[in-house]
There are 2 protein chains.
Amino acid sequence: MAKLTSLKSEKRLLDRQAADGIRTHILEGILPAGGRLLETQLSEELEVSRGTVRAALAQLAREGLVQQVAFTRWQVSETSPRDAWELYTLRAALEGLAARLAAEHGVAADHKRLKSTVAELTRAVKDKRFEDVTDIDFRLHQEIVEIAKHRRLAEQHGFIMQQVRFHMVHSGFFPKDYAALVDEHAALIGAVIERQPDLAEQLAKSHNEAEVKLLAAHTEENPRTVTAS
Amino acid sequence: MAKLTSLKSEKRLLDRQAADGIRTHILEGILPAGGRLLETQLSEELEVSRGTVRAALAQLAREGLVQQVAFTRWQVSETSPRDAWELYTLRAALEGLAARLAAEHGVAADHKRLKSTVAELTRAVKDKRFEDVTDIDFRLHQEIVEIAKHRRLAEQHGFIMQQVRFHMVHSGFFPKDYAALVDEHAALIGAVIERQPDLAEQLAKSHNEAEVKLLAAHTEENPRTVTAS
DNA sequence: TGATGGTTGATCGTCAGCAATCGCGGAGGG
DNA sequence: CCCTCCGCGATTGCTGACGATCAACCATCA
């Protein structure tokens, strides 16, 4: 018998839906970094009350995508090099833990899924479908976190990755050395599957440290190109 | 249950104040784990509207102290052994990063402050002022995080530590081997001051791993003593 | 006796309006 | 010409009321 999916998960509360809508706009770069958000305007566009919009914005503020200036304004977060550094160092620490736990607790089904995703990644690189590469890259890291079976870790990692995506969109930074990217991921997944926690943690960290250096270099070369609307 | 006092006299944002009031009550163990929170009751005690209380509860939910069951209830979070494991593993990862950064970036003034706090800790243990020991312990770790100069790390660490406190209060777990506690902290601070990032990270992690094992043992021996209201 | 269905009281989710606060532009003086 | 001060418009903060939803209880029936 096919499982009945819970209806509760489907029933999105209005403020969550509003947050989703605004979040999507921000992550797609439609709203510029530092851009102002008006409660009234959002409530009209989303066709909900201002109170609901306020709840949604508060949620997004907790996720780090928007900032509140009390009594004055809401604005989309800025993306400074310092932010990038914070995101990648924190990401390295979290993914290091995730990789360790995944290597310790992963079962055969998990390993199969990881192998499959790595294969996808390899194919996408070979076919030069570079937009897909980024998505698969994100998904691969998310799968490792899921295997770690650590609720708080998963939540934090999700927020960080969201901000990483945000930063990539607004800074125009994307990975370049795709061959190295595939190698690093393959090595990391290999360590997880072969149950080598120490190695997995180490690889996850060095993978992120390599990226933060590339990103820092990129940000120095390409100062902010804000497209205020 | 002790009363929550009115907020009307102060000047900060009302919803933050409300969150502070409720948070204090939870962390002091006045509200039992799993205990129910009524929006109307809280709004009467704090003398603010229900909407403000809702904003405060949403913030506390983000901090992990309360949980929401949609359309049904707010309740103080439960504390399971699994939660303890999550908190300490995550704490180890975050403090590992913090110790590394502190060892890399700390200046003379930072070192002085750390030494002073370690001295305080040593004295408190020698004098057997065990309530103070816990507070100083928390403060010492917070100082390391501050020296790391990492906004997101500090924020996350603060939330985790808050939940650790909460868990300690509700599970009745407190450190026992105070001599080892002093030694471990002294070694950690020593590594930070002597600018040995790798060693500092390692010590911070092992310090936490030692605690999680003690806590797991304690939780097994003392099954939950829930005092539901 | 146990299960089922309807009713009810309580609680949460949302809304529209009023009050508090801030930034900005213009008037006035040096 | 520049600086300071002040009033106004715009925006956010907060509230009370209304509508939606749920858990618990009780009557009914196989």
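We use all heavy atoms of the structure for the numbers below, so side chains are in, but hydrogens, waters and symmetry mates are not. Each chain gets a letter, A, B and so on, in the order its sequence line appears, and its residues count up from 1.
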Whole Å only: how far is the [atom1] atom of [X] from the [atom2] atom of [N]?
X: R73(B); N: dT11(C); atom1: CZ; atom2: C1'; answer: 11 Å
X: Q67(A); N: dT12(D); atom1: CD; atom2: C1'; answer: 17 Å
X: L38(A); N: dG13(D); atom1: CG; atom2: C1'; answer: 16 Å
X: L37(B); N: dA10(C); atom1: CG; atom2: C1'; answer: 16 Å
X: Q59(A); N: dG13(C); atom1: CD; atom2: P; answer: 14 Å
X: E39(A); N: dA16(C); atom1: CD; atom2: P; answer: 15 Å
X: L14(A); N: dA16(C); atom1: CG; atom2: P; answer: 12 Å
X: W74(A); N: dT12(D); atom1: CH2; atom2: P; answer: 9 Å

Using the C1' atoms of five pairs at each end, what's the angle between the two axes of the helix from dT1(C)-dA30(D) to dG30(C)-dC1(D), to 10 degrees?
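The two end axes of the helix from dT1(C)-dA30(D) to dG30(C)-dC1(D) meet at 10°.
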
For [X], all residues meeting salt bridge (charged side-chain N to carboxylate O under 4.0 Å, His left out), sequence neighbours excluded:
X: D15(A); result: none
X: E211(A); result: none
X: R54(A); result: E39(A)
X: E45(A); result: none

Indicate yes or no: does D110(B) engage R113(B) in a salt bridge with an N to O separation below 4.0 Å.
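Looking at D110(B) and R113(B), the cut-off is not met.
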
Q41(B) side-chain N/O to dT11(C) phosphate OP1/OP2 under 4.0 Å:
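Indeed not, no polar side-chain atom of Q41(B) lies that close.
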
Heavy atoms only, 4.0 Å cut-off, all strands: where does L57(A) land among base, sugar-phosphate and nothing?
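The answer is nothing, as L57(A) stays clear of every strand by at least 4.0 Å.
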
For residues 98-106 of chain B, dump all side-chain donor-acceptor pairs below 3.5 Å to protein atoms at least two apart in sequence or in another chain.
| from | atom 1 | to | atom 2 | distance (Å) |
| --- | --- | --- | --- | --- |
| R100(B) | NE | E201(B) | OE1 | 2.5 |
| R100(B) | NH2 | D198(B) | OD1 | 2.5 |
| R100(B) | NH2 | E201(B) | OE1 | 2.9 |

Measure the NE2-CD1 distance between H111(B) and I147(B) for me, rounded to the nearest 0.5 Å.
7.0 Å

Within this structure, what is the CD1-NE2 distance for the pair I26(A) and H170(A), rounded to the nearest 0.5 Å?
8.0 Å

For H185(A), enumerate each residue passing the ring pair (Phe, Tyr, Trp, His ring centres under 6.0 Å) test, keeping only those at least two apart in sequence or located in another chain.
H141(A), H207(A)

For F130(A), enumerate each residue passing the ring pair (Phe, Tyr, Trp, His ring centres under 6.0 Å) test, keeping only those at least two apart in sequence or located in another chain.
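Per chain and number, F130(A) pairs via ring pair (Phe, Tyr, Trp, His ring centres under 6.0 Å) with Y178(A).
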
Among dC12(C), dT11(C), dT12(D), the nucleotide that comes nearest once only the side chain of R36(B) is considered:
dT11(C)

Please pick, from dC14(D), dT11(D), dC12(C), the nucleotide with the shortest atom-to-atom distance to any side-chain atom of D15(B).
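Selected nucleotide: dC14(D).
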
Identify, residue by residue, the members of residues 44-56 of chain A with a heavy atom below 4.0 Å from DNA chain D, and return them in order of residue number, or none.
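The stretch gives R50(A), R54(A) as the residues lying under 4.0 Å from the strand, ordered by number.
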
Who passes side chain to side chain contact (heavy atoms under 4.5 Å, CB included) against F138(B), sequence neighbours left out?
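With neighbours one apart ignored, the set is T134(B), M161(B), V164(B), R165(B), M168(B).
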
Taking side chain to side chain contact (heavy atoms under 4.5 Å, CB included) as the test, write out the residues that go with N208(B), two or more places apart.
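Only Y88(B), R91(B), A92(B), E95(B) meet the side chain to side chain contact (heavy atoms under 4.5 Å, CB included) criterion with N208(B).
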
Is there any protein nitrogen or oxygen under 3.5 Å from a nitrogen or oxygen in nucleotides 20-24 of chain C, and what are the pairs?
| from | atom 1 | to | atom 2 | distance (Å) |
| --- | --- | --- | --- | --- |
| dC22(C) | O3' | T72(A) | OG1 | 3.3 |

